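Treat the numbers as computed from the prediction; the structure is a model and nothing was measured.
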Amino acid sequence: MKKIFISRQLEVESVFHKTLTTNGLFVHGESLVSLRAVPFSDPPPADWAFFYSQNAVRFFVENVSPEALSKLKLAALGPGTAAALTALGPPPQFVG
């Protein structure tokens, strides 16, 4: 039996798992990444903060003071990151 490794957690109902096992393949999905916030105080002086990932948004908003957050213009690189900003804080002023 051929074996496939996918480097992310896979639910039994995921498209990858269903398609591959239906075709007689063994699938093992396991994330090789562990995400955690790096402790910090308020960010250095800046006019803009650009975010590349939803996790970065979450870690930033959870650690920065509301006052510091209100002084920044926020930018998101991608629609998912923009949605995370909108859900957790002020909406982005730029989405690229």
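- Of the inter-residue distances, the one linking Arg58 atom CZ with Asn63 atom CG reads 10.5 Å to the nearest 0.5 angstrom.
- Ring-plane geometry between Trp48 and Phe50 is classed as tilted, the angle between the planes lying from 30 to 60 degrees on a 0 to 90 degree scale.
- Checking each of Thr19, Thr21, Val15 against His17 for a side chain to side chain contact (heavy atoms under 4.5 Å, CB included) leaves exactly one that passes, namely Thr21.
- When all heavy atoms of Gly80 and Gln54 are compared, the closest pair comes out as O-CG, 3.4 Å.
- Both Leu88 and Leu72 are assigned to one and the same hydrophobic cluster, defined by single-linkage of ILVMFWY side chains at heavy-atom distances under 4.5 Å.
- Within the 4.5 Å cutoff, the side chain of Leu20 has heavy atoms near those of the Ile6 side chain.
- Residues Ser14 and Leu10 approach most closely at OG-CD2, 3.7 Å, considering heavy atoms.
- The ring pair (Phe, Tyr, Trp, His ring centres under 6.0 Å) contacts involving residues 60-81 comprise Phe40-Phe60, Phe51-Phe60, where partners must be two or more places apart or lie in separate chains.
- Heavy-atom neighbours of Glu11 CD from other residues, nucleotides or ligands within 6.0 Å: at or below the threshold of 12.
- Shown here for Met1 and Phe26, the closest heavy-atom pair between the two residues is SD-CB, 3.5 Å.
- The side chain to side chain donor-acceptor pair (under 3.5 Å) test applied to Gln9 returns no partner, not counting sequence neighbours.
- One distance of note links CG of Leu25 with NZ of Lys3; it measures 12.0 Å at 0.5 Å rounding.
- Of all heavy-atom pairs between Ala68 and Pro43, the closest is CB-CD, 4.2 Å.
- The CG atom of Leu32 lies 12.5 Å from the CZ atom of Arg8; values are rounded to the nearest 0.5 Å.
- Smallest separation of non-hydrogen atoms from Val95 and Ala82: CG2-CB, 3.7 Å.
- The structure places CG of Asn55 at 4.5 Å from CG of Leu35, a figure rounded to the nearest 0.5 Å.
- Sorted by first and then second residue, the side chain to side chain donor-acceptor pair (under 3.5 Å) pairs involving residues 71-88 (not counting sequence neighbours) are Glu67-Lys71.
- Closest non-hydrogen pair, Leu69 versus Pro90, comes out as CD2-CD, 3.8 Å.
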